[in-house]
Peer 1: 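Next up is a structure, given as structure tokens.
Atoms considered below: every heavy atom in the structure, side chains included; atoms not considered: hydrogens, waters and symmetry mates. Treat the numbers as computed from the prediction; the structure is a model and nothing was measured.
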Amino acid sequence: MTTAGAAIIPVPAHAGGDPFAALRQRWAGLLVGSGYDPAAQPYATRLAELGDTARRRRDTMTPAGTSLWPDLPLGTASSSITGSYLRLRTMALAHTMPGTGLTGTLAAEVQAGLDFLYGRAYNERATSYDNWWDWQIGTPLALLDCCALIGESRPGYLAAVDRFVPDSAVATYTGNSTGANRVDLCKVIALRGALGASPTKLALARDALSPVFPYVTSGDGIYADGSLIQHTRIPYTGTYGAVLLDGLARMLTWLDGSPWAVTDPARQNIFDSVENAFAPFLFNGLMMDGQSGRGVSRGISADPLAAPQNDHTRGHEVIASVLLLAGSASAREEARWRGLAKGWLVRDYWSEVAEDRRLDVPALARCVGALNDPGLTPTPEPIQSRIFPNMDRAVHRRAGWAFAVSMCSSRTSYYEYGNGENPRGWHANNGMTYYWGATSGNGQYSDGFWPTVDPYRLPGTTVSRKPLADGQGGNFGKPRPATTWAGGATDGLHSVLGQHLSGYSSTLKARKSWFCLRDSIVCLGAGITATDRVAIESTVDNRNLSATGNTPFTVDGIAKPTEPDWSETLTGAGWAHLKGVAGYIFPGGATLQAKREERTASWRDIHPTGSPEPFTRRYLTLWFDHGVDPSNATYAYVLMPGASAARTAARAADSGWLTILANTEAQQGVSADGVTAVNFWAPGTVGPITVDRPASVLIRQTGSVATICVSDPSRTTTSVTLTWDRPVVSVLAKDPSVTAAKAGAALRLQIAVGGTAGATHRVKVRLG
């Protein structure tokens, strides 16, 4: 597979000549791409598909009355305006790019379509309706792309853009003009400036990017801890974050070398975000779904020309943006990022990037170029544990698997519903757990999971079976709990996580903890109480087995039926194993429910423009049934991603490996693998640790050295006093916020946690 050759439009330097003409040509060059041979695969097929799509758009374009295409009537839904311009953009790309079969033939049709839409839908006299995004971002971006591609930007088109995206759209960094939306608005203004030869517009757009660069401490944007928020309270690394990264990569690349180059030194925060905010959520080419908001409901569209979306396609788009941004970064950053990209892509066995129909040709060329670069060494998966306090997320990674938890608090929402998307995501942030293996499970959430999974039995969650209405609670992340605790403490390799759960639209309360260790996650639940007269359940796992899967499942070494209509109450279960997926251990034995079932749904069920075609997936579900209106119910289990049945059985039989120190609504703690970790929901003593305020504590001992990690996930106290009843000889290192002193034979720490946004504070000591 070659990457030689060049696109039909080169990407020129800016030096000399007309800077506006150079910018127009350079933008068209970014849309067309470079460094690929249009006659080689996978480009030849992709370009031919683009030509076929453009031909269908041309052949069905019937400008008359209130529509340019009959299925996109103008005047009611603003999305029909954006959709019409996007179809013209497809035709403009096919006209401009080589290998489409329509190269150089569609300019007149595109121009006629632009004139039609200008006269009837998008002009300086029009009044906006429906969704602001179409008028200020979706439509003008597609319009301006068309103008750059066919080389025609009539004054009326630019006047229409000025009407809906005036300079005041970026005057303040508030409302719809923040984060990814701000970058898109700047892109619109800059393109309008280049096409209209306006240095003032270009300077405004460049300068209006600056508020995006600094780390934020509330609201939309990137936080110093790597969190990324949009819509005020939605963790959004995977969708809005991807848009922000792509937009900035394009703007920096496009303007580089011009009189309007982006030189704000704070842009370094964006470069740093590649490894601090985006890389932690990329695994084997996929972008973890817990960071994609309502975007998880966008699977297969009712439009037969649309390619499917999933966590892999979202991951590929982020990787392509990283590779584009690399050209504006330092040489060391570029080398690191290209190694990361190759590692992600070479390990993506489930969805090879060369087959990703959602990537445009320029993005595809960047990814395939990195993948096939013989001089590039793929970076392996990291071994790390990360908490993102400002978006209530955590990731725990090992060489062969990755694990993630989605929580919520008064800072973040239960779920996001908006524009009819994701109406049944109610419980996705009530402690949902995700995990993927190096060579298995990478299609778990990609293969029709979200429409077909039981939304009341999402893995890891504790929920009420109280029926909820589609979209209940309001749009764009409006519903959120009043509880403040979500997060934990980490030493970078292990973590203790906790969520004070307040059930969505129910009286359910619970304390949930996850202890992320060397090869497993210990999961505890306590204080599970409700009074709604409905059943409460905690789901251990709900595994998508594909359309025909019959993956073997054993309990205490006994094989269970593989038929999809099997269910059983498992009494006194000590361990279970799902072949090729994971092992599950139930300390002291447990009574659980297990079920295999087939579930049929369509993408239309969770997205208004999704395909109505029904499809079926098989599931194996394992859960604790706490009964109707439980009072202080508990659960305990250990998840071992990727473990064999033999290793699971051996671990279950090892009585000395794990000690559950506490599992009550006041404290939850464990000791295993040289780690002692406790969530102190209330002050008290657990084992050798005493605290005077609620806190998460993790202590890892390696030989005579111990690392003590403390945080206040609730952000309700200013300081925590911790006493560790162990003989400490000396303090080797500590955060400035920590005061250490001996208290007899014990160590006493005073940790100033106020104002640190749930961050972990660390002390390293030597033991006697």
Peer 1: Keeping the roles fixed (side chain from Gln230, backbone from Gly241), state whether a donor-acceptor pair exists under 3.5 Å.
Peer 2: no
Peer 1: Between Leu767 and Trp724, what is the shortest heavy-atom contact and its length?
Peer 2: CD2-CZ3, 3.6 Å
Peer 1: Main chain of Thr452, side chain of Arg599: is a donor-acceptor contact present, judged purely on distance under 3.5 Å?
Peer 2: yes
Peer 1: If we ignore hydrogens and angles and just use 3.5 Å, is the side chain of Gln667 paired with the main-chain N or O of Ala682 as donor and acceptor?
Peer 2: yes
Peer 1: When you measure from the side chain of Asp712 to the backbone N and O of Thr716, does any donor-acceptor pair fall under 3.5 Å?
Peer 2: yes
Peer 1: Please find the pair of heavy atoms, one from Ala662 and one from Leu524, that lie closest to each other, and give the distance.
Peer 2: O-CD1, 3.7 Å
Peer 1: Salt bridge or not between Asp735 and Arg762? Use side-chain N to carboxylate O under 4.0 Å.
Peer 2: no
Peer 1: Can you tell me if Ser506 and Ser464 form a side-chain donor-acceptor pair at under 3.5 Å?
Peer 2: no
Peer 1: For the CZ atom on Arg748, are there more than 12 heavy atoms of other groups (residues, nucleotides or ligands in this structure) within a distance under 6.0 Å?
Peer 2: no
Peer 1: Is there a donor-acceptor contact under 3.5 Å from the side chain of Ser520 to the main chain of Leu517?
Peer 2: no
Peer 1: Walk me through whether Trp401 and His396 qualify under ring-ring contact (aromatic ring centres under 6.0 Å, His included).
Peer 2: CA-CA 9 Å; Trp401 51 270; His396 185 63; 5.7 Å; yes
Peer 1: Could you walk me through whether Asn542 and Thr621 pass the side-chain hydrogen bond (donor to acceptor under 3.5 Å, both in side chains) test, one step at a time?
Peer 2: CA-CA 4 Å; Asn542 198 352; Thr621 313; 2.7 Å; yes
Peer 1: Taking only residues two or more places apart in sequence or in another chain, which ones pass side-chain hydrogen bond (donor to acceptor under 3.5 Å, both in side chains) with Arg480?
Peer 2: none
Peer 1: Listing request: all ring pair (Phe, Tyr, Trp, His ring centres under 6.0 Å) pairs with a residue in residues 458-501, at least two apart in sequence or in separate chains.
Peer 2: His231-Phe476, Trp485-Trp681
Peer 1: Any donor-acceptor pair under 3.5 Å linking the side-chain atoms of Asn679 with those of Ser513?
Peer 2: yes
Peer 1: We want to know whether Thr659 and Ser671 form a side-chain donor-acceptor pair, criterion being a heavy-atom distance below 3.5 angstrom.
Peer 2: no
Peer 1: For Ser714 and Thr484, test the side chains for any donor-to-acceptor distance below 3.5 angstrom and give the result as yes or no.
Peer 2: no
Peer 1: Would you kindly say whether Asn422 and Ser297 are connected by a side-chain donor-acceptor distance under 3.5 Å?
Peer 2: no
Peer 1: Going by atom types alone, do Gln593 and Ser567 pair a side-chain donor with an acceptor below 3.5 Å?
Peer 2: no
Peer 1: Taking the side chain from Arg393 and the backbone from Ala404, do they hold a donor-acceptor pair closer than 3.5 Å?
Peer 2: no
Peer 1: Less than 3.5 Å apart, any donor N or O on the side chain of Thr483 or Ser502 sitting next to an acceptor on the other?
Peer 2: no
Peer 1: Do Asp725 side-chain atoms and Ala746 backbone N/O form a donor-acceptor pair below 3.5 Å?
Peer 2: no
Peer 1: side-chain hydrogen bond (donor to acceptor under 3.5 Å, both in side chains) for Thr461 and His427? Distances and angles first, verdict last.
Peer 2: CA-CA 7 Å; Thr461 61; His427 301 301; over 6 Å; no
Peer 1: Within the 3.5 Å criterion, strictly below it, is a donor on Glu416 or Tyr236 matched to an acceptor on the partner's side chain?
Peer 2: yes
Peer 1: Test ring-ring contact (aromatic ring centres under 6.0 Å, His included) on Tyr637 and Tyr635; report intermediate values, then the result.
Peer 2: CA-CA 7 Å; Tyr637 64 94; Tyr635 66 78; 5.8 Å; yes
Peer 1: Between Asn430 and Tyr504, does any side-chain donor sit less than 3.5 Å from a side-chain acceptor?
Peer 2: no
Peer 1: Is it true that the side chains of Arg424 and Tyr456 contain a donor and an acceptor less than 3.5 Å apart?
Peer 2: no
Peer 1: I'd like to know if the side chain of Asn284 pairs up with that of Asn442 as donor and acceptor (distance under 3.5 Å, no hydrogens or angles considered).
Peer 2: yes
Peer 1: Can any side-chain N or O of Ser711 pair as donor or acceptor with the backbone N or O of Thr760 at less than 3.5 Å?
Peer 2: no
Peer 1: State, without any angle test, whether Glu537 and Thr462 hold a side-chain donor-acceptor pair at a distance under 3.5 Å.
Peer 2: no
Peer 1: Please evaluate residues Asp625 and Arg465 with respect to the criterion salt bridge (Lys or Arg N to Asp or Glu O under 4.0 Å), reporting the C-alpha separation (whole Å), side-chain torsions for both, the decisive distance (0.1 Å), and the verdict.
Peer 2: CA-CA 11 Å; Asp625 183 353; Arg465 295 295 297 188; over 6 Å; no
Peer 1: On a heavy-atom basis, which atom in Asn390 and which in Ala757 lie closest, and how many Å separate them?
Peer 2: OD1-CB, 4.0 Å
Peer 1: For Arg511, is there any backbone N or O sitting under 3.5 Å from a side-chain donor or acceptor partner on Gln668?
Peer 2: yes
Peer 1: Would the distance check show the side chain of Thr539 and the main-chain N or O of Asp541 forming a donor-acceptor pair, the cut-off being under 3.5 Å?
Peer 2: no
Peer 1: Are any non-hydrogen side-chain atoms of Ile751 and Ser719 less than 4.5 angstrom apart?
Peer 2: no
Peer 1: For the residue pair Tyr434 and Trp450, does the interplanar ring angle fall in the parallel (under 30°), tilted (30 to 60°) or perpendicular (over 60°) class?
Peer 2: tilted
Peer 1: Would you call Arg233-Asp392 a salt bridge at under 4.0 Å N-O?
Peer 2: no
Peer 1: Would you list the pairs meeting ring pair (Phe, Tyr, Trp, His ring centres under 6.0 Å) in which at least one residue belongs to residues 515-544, sequence neighbours left out?
Peer 2: none
Peer 1: State whether Trp623 and Arg457 meet the cation-pi test: NZ (Lys) or CZ (Arg) under 6.0 Å from the six-membered ring centroid, and within 45° of the perpendicular axis.
Peer 2: yes
Peer 1: Salt-bridged, Asp289 to Arg314, with N to O below 4.0 Å?
Peer 2: yes
Peer 1: Whether Lys466 and Asp532 form a salt bridge (side-chain N of Lys/Arg under 4.0 Å from carboxylate O of Asp/Glu) is what I want to check.
Peer 2: no
Peer 1: Is it the case that atom NZ in Lys734 sees more than 12 heavy atoms from other parts of the structure closer than 6.0 Å?
Peer 2: yes
Peer 1: Would you call the rings of Phe624 and His626 parallel, tilted or perpendicular if under 30° counts as parallel and over 60° as perpendicular?
Peer 2: parallel
Peer 1: ring-ring contact (aromatic ring centres under 6.0 Å, His included), that's the test. Do Phe388 and Phe281 meet it? Break it down for me.
Peer 2: CA-CA 11 Å; Phe388 300 83; Phe281 298 106; 4.7 Å; yes
Peer 1: Do the charged groups of Asp519 and Arg398 touch, with an N to O distance under 4.0 Å?
Peer 2: no
Peer 1: Give the intermediate values and the outcome of side-chain hydrogen bond (donor to acceptor under 3.5 Å, both in side chains) for residues Asn276 and Arg386.
Peer 2: CA-CA 10 Å; Asn276 189 39; Arg386 289 280 306 273; 3.0 Å; yes
